[in-house]
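Quick one: the structure is below, questions incoming.
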Amino acid sequence: MWLNALVDPDEVQNISWGSAALSYLYHYLCGASIDQRKELGGPMVLLQLWAWERMPTLRPSFIGALVHEPYTPCGAKWKGTTHIGNAPRFSVEHYRDQISLIKPGQFLWTPYANCMLPDYCRDVTGCSHCDTYLVCWAYVEAHEAGLVRRQFNQYRKIPQSVDRMLKEADHLEKNNRRGKKGTNWEETRQFFIGECDMRYERFEATLGGATMYNNIPLSLGYMAWYNRITVTYLTQVGVQSTVGMNETASDIRLFTTDQEIDPRLRQIREIVRRTLQSMNHADVMEYPASQRQDVVMPE
């Protein structure tokens, strides 16, 4: 399937390999999140590099400095020897713990700011700033730059519409190529390919707005909406913390942190605190922090 795209060497450079790879990856990630599949597919190394670049607490601890050499792939810097020779078994709880306890300052929205990248990687008038579609054979996925405005130092807005066109592409049914031998996907996905070709004409409508600064907090209205539609903690309720690489957390942290914005959570936390104190069980609210402390965040 992939070799067919290499028949004409002159046409290889005209294929959007990056958007195809992302579409392929998004397809499997979407299927895993909906169907709770245990196996994933696609270029998973992209997801791993994405997580290491943006969430330092998930990175392995490397021996020696990580240096990005000018005009080389950013992923090439993640090489060398780590302090952990082999990945531990049963480490799902560990990574859930790290994600559940991540603080706002521990997520890097612009991790490549200091890298020397080619000009086409910094082109803000192209694909990175447009709402369009990513196509890879049968798979069609949405590229919604508006959902990641903070990567471009823009304030995040509450989505006002839902793209219904993907329903016609069998996206919600996770379409595949089974039983469709001989299908000309260029014709079948002509609408979405055309939308991708129009990306330069439509990028300006995607962003726009005030530049975000570190000392200006997020909109309370946006955070209230976000807290309603997201899962804040991935760890299971009542899981006791353990020592070591596989240390796990508990949702009880939800009631012990002072960082919550939603006043309803503060009210619930106070009710739980008073109840536990009256029953002489206040000690269950005390959990040791499991976040890595040796991570040096850039300015």
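Just so you know, these numbers come straight off a predicted model, no measurement behind them.
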Side chain Trp17, main chain Val12, donor-acceptor under 3.5 Å: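 Yes, because the side chain of Trp17 sits within donor-acceptor range (under 3.5 Å) of the backbone of Val12.
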
Least distance between heavy atoms, Leu66 atom then Lys77 atom: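 It is CD2-O, 3.3 Å.
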
Distance in Å, Phe62 CZ paired with Lys79 NZ, rounded so as to fall on 0.5 Å steps: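 That separation rounds to 11.5 Å.
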
Atom pair CD/OG1 of Glu53 and Thr110 - distance to nearest 0.5 Å: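 Atom-to-atom, Glu53:CD and Thr110:OG1 are 11.0 Å apart.
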
Phe192 and Tyr133 aromatic ring geometry - parallel, tilted or perpendicular at 30°/60° bounds: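 Ring orientation of Tyr133 relative to Phe192: perpendicular.
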
Side-chain touch Val135/Ser23, heavy atoms, less than 4.5 angstrom: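 Side-chain contact under 4.5 Å: no.
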
Val67 reachable from Met116 in the ILVMFWY side-chain graph, under 4.5 Å edges: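 In one cluster with Met116: Val67, no.
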
Ring centres under 6.0 angstrom apart (Tyr139, Trp137):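 That pair fails the under 6.0 Å test.
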
Plane angle bin for Trp2 and Tyr24 - parallel if under 30°, tilted between 30 and 60°, otherwise perpendicular: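 Plane angle over 60°, so perpendicular.
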
Rounded distance (nearest 0.5 Å) linking atom CD of Glu144 with atom OG1 of Thr132: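 Rounded to the nearest 0.5 Å, the CD-OG1 separation comes out at 10.5 Å.
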
Check: Gly31 main-chain N/O paired with His27 side-chain donor or acceptor under 3.5 Å: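 No, the answer is negative, given that no donor and acceptor are paired below the 3.5 Å cut-off.
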
Trace of the side-chain contact (heavy atoms from CB on, under 4.5 Å) decision for Ile271 with Ile268: CA-CA 5 Å; Ile271 294 174; Ile268 295 173; 5.6 Å; no

Side chains of Met44 and Leu25 in contact at under 4.5 Å (non-hydrogen atoms):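 Yes, close enough: below the 4.5 Å cut-off.
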
Contact check, side chains of His143 and Glu195, non-hydrogen atoms, under 4.5 Å: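 His143 vs Glu195: side chains apart.
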
Side-chain heavy atoms of His68 within contact of Tyr112, under 4.5 Å: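 The answer is no, as the side chains (C-beta and beyond) never meet within the 4.5 Å cut-off.
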
Spacing of Leu47 atom CG and Tyr28 atom OH [to the nearest 0.5 Å]: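 The CG atom of Leu47 sits 15.0 Å away from the OH atom of Tyr28.
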
Interatomic spacing from CH2 in Trp185 to NZ in Lys180 - rounded to 0.5 Å: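 The CH2 atom of Trp185 sits 5.5 Å away from the NZ atom of Lys180.
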
side-chain contact (heavy atoms from CB on, under 4.5 Å) between Cys74 and Leu117, intermediate numbers included: CA-CA 8 Å; Cys74 292; Leu117 303 176; 3.5 Å; yes

Full working for side-chain contact (heavy atoms from CB on, under 4.5 Å) between Ile193 and Glu186: CA-CA 8 Å; Ile193 295 174; Glu186 184 177 4; 4.2 Å; yes

Within 6.0 Å of CD in Gln190, more than 12 heavy atoms from elsewhere: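 No, the 6.0 Å shell around CD holds no more than 12 heavy atoms from other groups.
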
Closest non-hydrogen atom pair, Pro9 against Val7: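 Heavy atoms of Pro9 and Val7 come nearest at CD-O, 3.3 Å.
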
Distance (rounded to the nearest 0.5 Å) between Cys136 SG and Ile15 CD1: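 Between Cys136 SG and Ile15 CD1, I get 10.5 Å after rounding to 0.5 Å.
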
